[in-house]
Each structure stands twice: as C-alpha cells, then as structure tokens.
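Below is one structure, written out as structure tokens, with a few remarks after it.
Order of the sequence lines sets the chain letters (A, B, ...), proteins ahead of strands, with each chain counted from 1.
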2 protein chains.
Amino acid sequence: MTTPMLTKNQSLVFDVLTKAEAPLSAYTILDKLRDQGFRAPLQVYRALDKLLEYGVVHRLESINSFVVCAHPHEDCHSHGLVAFAICESCGQVIEFHDHEVDHRLMDSLKSQKFKAEKSTIEIRGHCANCAA
Amino acid sequence: MTTPMLTKNQSLVFDVLTKAEAPLSAYTILDKLRDQGFRAPLQVYRALDKLLEYGVVHRLESINSFVVCAHPHEDCHSHGLVAFAICESCGQVIEFHDHEVDHRLMDSLKSQKFKAEKSTIEIRGHCANCAA
DNA sequence: TCGCACACGTTATAGCATAACGCAATTGAT
DNA sequence: ATCAATTGCGTTATGCTATAACGTGTGCGA
C-alpha cells in the first residue's frame with residue numbers, strides 16, 4: 001500500500017509519534033496535541049486508524065501504545081511478520097523482521113488449517129543499555 | 001512453578017475459564033460469577049493474577065481476554081515461548097509451542113543484547129471450521 | 001447540482017484495569 | 001501466648017483505553 005497525502009490530524013499524530021523516543025498511548029498523544037486544538041480521543045484514534053492502515057505506524061498490543069514504523073520505506077505489510085522487542089525500563093522499541101520465524105509459524109498453523117491474518121509478536125525485557 | 005491449592009475465588013474463576021469454549025474478558029467472568037457472590041472487578045483480577053502466576057491461565061493481549069492453559073501438566077513457563085492462534089470468527093484458541101521459533105527469536109534478540117523476559121505471540125485469523 | 005465519500009468535531013458511553021482503604025485468617029518467630 | 005508479617009478478601013472510587021452515534025463541511029464525479 002502506498003501512503004497517500006496525510007491530512008492535518010494524521011500529520012500531527014504522525015509527527016508526535018516520530019519525535020517520541022518510546023511508544024505513546026492514544027491519550028498521551030491527545031495531551032501532546034491539545035495545544036494544536038485536539039480535544040477528544042476520537043481525533044487521535046481516527047488518525048491512528050489511518051496511519052495503521054497505511055502501515056506507517058504499528059500498534060503494540062501488549063502495552064496499548066503506538067510507534068512509527070522503523071522501516072518506512074519497505075512495506076511492513078508485505079514482508080510478513082513484524083516483531084517488537086520492548087524495553088520495560090526505557091520504553092525503547094526494536095522492530096525486526098524475521099522470515100525464518102515467519103515461515104516456521106505459518107507452517108505450524110498451516111498444518112492445523114488455520115488461516116492467519118494478523119499477527120502480534122512482542123517481547124518484553126530489557127535493552128542493552130538498561131540491562132542490570 | 002508448582003500450583004498451590006487454589007482459594008475459593010481462584011477456583012471459581014478457573015472453573016469458569018475451563019468451561020468456556022473461548023477466551024473470556026475479566027468483566028465477562030465477573031458477570032458469570034455474580035450468582036456466586038462476585039461484585040467487583042478486583043475479585044476477578046486478583047484471582048487471575050494468581051492463576052497467571054501459577055501458569056494455569058494465559059492472557060491474550062490482543063483481545064484483552066484470558067484462557068486456561070492447554071497443557072496444564074507441562075510447565076508453560078519452562079518450555080519457552082507460547083503462541084496462540086485465535087479464530088476471529090468462533091473465538092477458539094489453539095495454543096502451541098515451537099522451540100524453533102523460540103530459539104530463532106531469542107537469537108535475534110541476543111545479537112542485539114536484548115534480554116527477553118515475557119513474550120506475546122498471537123496470530124489472529126480463521127480456524128479450519130470457520131475459514132470461508 | 002445532486003449524491004457520495006471522507007475527514008472532522010462533539011458528546012456520551014462502553015469496556016478494561018488498578019489505587020487505596022480496611023478487615024479477617026494464617027503462619028511463624030520470639 | 002502474642003506480636004508482626006503475609007495473604008486473601010470485600011468495597012468504593014477512580015483512571016485508562018476505545019468506540020458509538022450524531023451532525024458539519026468539503027471536494028469531486030455522474
């Protein structure tokens with residue numbers, strides 16, 4: 001999917017996420033955009049929905065937060081699974097793609113005749129800097 | 001971890017989850033236990049916390065729900081990653097363990113000096129019965 | 001110019017999770 | 001025996017996450 005021109009709200013949300021050093025929750029984004037006129041959660045969620053659809057933002061299910069895609073020039077949707085390592089100390093996220101893991105998981109599922117559509121792979125722990 | 005004797009509330013919650021054919025949210029569990037005297041979410045969440053700690057229940061982050069462990073006699077904590085295939089149509093969950101995926105993911109992370117602690121692998125799609 | 005699609009704004013509500021208080025039962029060390 | 005620590009429990013209140021439902025405006029093709 002190619003990313004169309006972003007609307008004003010989408011750009012604002014995208015910019016906030018781009019500048020953030022860690023994933024942000026929708027409500028944190030809302031707070032950061034109050035000065036720009038944001039008043040309600042839906043303004044954020046609607047923008048996020050589009051950004052997710054375009055593949056330029058990822059949702060981290062395990063922490064109810066959002067990050068910009070680390071590989072904006074590739075197409076995350078197209079090269080299979082995306083995985084995230086999330087540091088519980090500093091919040092930093094490492095995004096990575098692994099076709100081996102991808103294939104292996106898909107094979108497991110195919111043998112059960114399960115049709116995969118969306119995937120969530122999130123590993124929580126501590127990054128190199130934060131590891132005790 | 002060996003599972004100690006469950007308390008009354010823990011047993012009630014565990015039984016509800018065991019009888020369910022699909023993952024349940026905490027509030028759904030609460031509703032099912034009102035007749036047994038449950039009145040507040042915390043009664044459910046506290047029981048769930050312990051059941052998760054004992055490894056007899058899993059939390060599905062992507063759908064904010066809980067399921068009993070499908071392999072109660074092994075120790076889910078001990079044999080690495082647990083993965084779930086969740087049918088978006090009927091809700092059924094297939095729990096599986098794959099050491100290959102496990103090792104592969106851990107190797108990727110180790111190369112970045114990331115110390116993994118908890119993992120979430122959830123694939124949403126359609127099971128054999130529900131696939132169009 | 002009509003109809004449609006889409007973005008947007010607002011209010012209200014639904015759904016998920018935990019903080020903080022107090023009480024009761026258990027255990028185990030002194 | 002008793003005191004302190006721990007654990008489970010109940011209750012009230014609150015906070016965080018997400019969406020429903022309504023209406024407005026704008027652009028664009030039939």
Side-chain angles (χ1 to χ4, degrees), chain A residues 1-17 20 22-54 56-67 86 88 91 118 120 122 124, chain B residues 1-17 20 22-54 56-67 86 88 91 118 120 122 124:
Chain A
M1 164 169 312
T2 65
T3 304
M5 200 64 177
L6 297 185
T7 67
K8 180 155 168 287
N9 284 6
Q10 289 160 19
S11 296
L12 287 168
V13 169
F14 184 73
D15 285 350
V16 165
L17 279 176
L24 301 179
S25 76
Y27 278 71
T28 302
I29 296 171
L30 173 57
D31 285 339
K32 288 181 183 291
L33 288 175
R34 290 204 186 274
D35 292 346
Q36 274 69 40
F38 274 46
R39 325 269 344 170
L42 259 197
Q43 296 176 283
V44 177
Y45 281 110
R46 288 206 272 233
L48 285 173
D49 282 346
K50 285 300 179 184
L51 296 171
L52 290 168
E53 183 185 326
Y54 304 152
V56 296
V57 162
H58 297 292
R59 174 196 194 95
L60 300 177
E61 309 273 5
S62 65
I63 56 173
N64 295 315
S65 295
F66 303 84
V67 281
I86 306 167
E88 304 208 285
K118 304 175 205 162
T120 299
E122 299 173 18
R124 269 128 22 251
Chain B
M1 165 172 308
T2 65
T3 305
M5 199 64 177
L6 297 184
T7 67
K8 180 157 169 287
N9 285 6
Q10 288 161 20
S11 296
L12 287 168
V13 169
F14 183 73
D15 286 350
V16 165
L17 279 176
L24 300 179
S25 76
Y27 277 70
T28 302
I29 296 171
L30 174 58
D31 286 338
K32 288 179 182 292
L33 287 175
R34 290 204 186 272
D35 291 346
Q36 274 71 40
F38 273 48
R39 326 269 342 172
L42 257 197
Q43 295 175 284
V44 176
Y45 281 110
R46 288 205 272 232
L48 285 172
D49 282 346
K50 285 300 179 182
L51 295 172
L52 290 167
E53 182 184 327
Y54 304 153
V56 296
V57 161
H58 297 293
R59 175 197 193 95
L60 300 178
E61 310 274 5
S62 66
I63 55 174
N64 296 315
S65 295
F66 303 85
V67 282
I86 306 167
E88 303 208 287
K118 304 173 204 165
T120 298
E122 299 173 18
R124 273 136 9 256

Close N/O contacts between protein and nucleotides 16-25 of chain C (under 3.5 Å):
from, atom 1, to, atom 2, distance (Å)
C/dA17, OP1, B/Arg59, NH2, 2.1
C/dA17, OP1, B/Asn64, OD1, 3.4
C/dA17, OP2, B/Tyr45, OH, 3.1
C/dA17, O5', B/Tyr45, OH, 3.4
C/dA17, N7, B/Tyr27, OH, 2.8
C/dA17, N6, B/Tyr27, OH, 3.2

Quick one: is C/dC6 close enough that its OP1 or OP2 comes under 4.0 Å of any side-chain N or O from A/Thr7?
-> no
Side chain to side chain donor-acceptor pair (under 3.5 Å) contacts touching residues 34-47 of chain A (sequence neighbours left out) | A/Asp31-A/Arg34
With sequence neighbours excluded, what pairs up with B/Asp49 under the salt bridge (charged side-chain N to carboxylate O under 4.0 Å, His left out) test?
-> none
DNA chain D: first to last nucleotide in contact with chain A (atom under 4.0 angstrom from a heavy atom), 5' to 3', is D/dT17 to D/dA21
A/Ser25: side chain to side chain contact (heavy atoms under 4.5 Å, CB included) partners, not counting sequence neighbours = A/Tyr27, A/Thr28, A/Ser65
Do any side-chain nitrogens or oxygens of A/Lys50 fall under 4.0 Å of OP1 or OP2 in C/dA7?
-> yes
Show me the side-chain donor-acceptor pairs of residues 4-11 of chain B shorter than 3.5 Å, one per line, residues at least two apart or across chains.
from, atom 1, to, atom 2, distance (Å)
B/Thr7, OG1, B/Gln10, N, 3.4
B/Thr7, OG1, B/Gln10, NE2, 3.4
B/Gln10, OE1, B/Thr7, N, 3.2
B/Ser11, OG, B/Thr7, O, 3.0

Residues touching DNA chain D, which here means a heavy atom under 4.0 Å, drawn from residues 32-40 of chain A = none
Atom pair CD1 (A/Ile63) and CD (A/Glu88), whose distance is rounded to the nearest 0.5 Å | 9.0 Å
Interatomic distance, CG@B/Leu33 vs CZ@B/Phe38, rounded to 0.5 Å, equals 5.0 Å
Do side-chain atoms of B/Glu122 reach the backbone of B/Ser62 as a donor and acceptor pair under 3.5 angstrom?
-> yes
Looking at A/Ala47 and A/Val13, what are the two nearest heavy atoms and their distance?
-> CB-CG2, 3.7 Å
By salt bridge (charged side-chain N to carboxylate O under 4.0 Å, His left out), which residues pair with A/Lys32, not counting sequence neighbours?
-> none
Residues two or more places apart in sequence or in another chain: which of them pass salt bridge (charged side-chain N to carboxylate O under 4.0 Å, His left out) with A/Glu61?
-> A/Arg59, B/Arg124
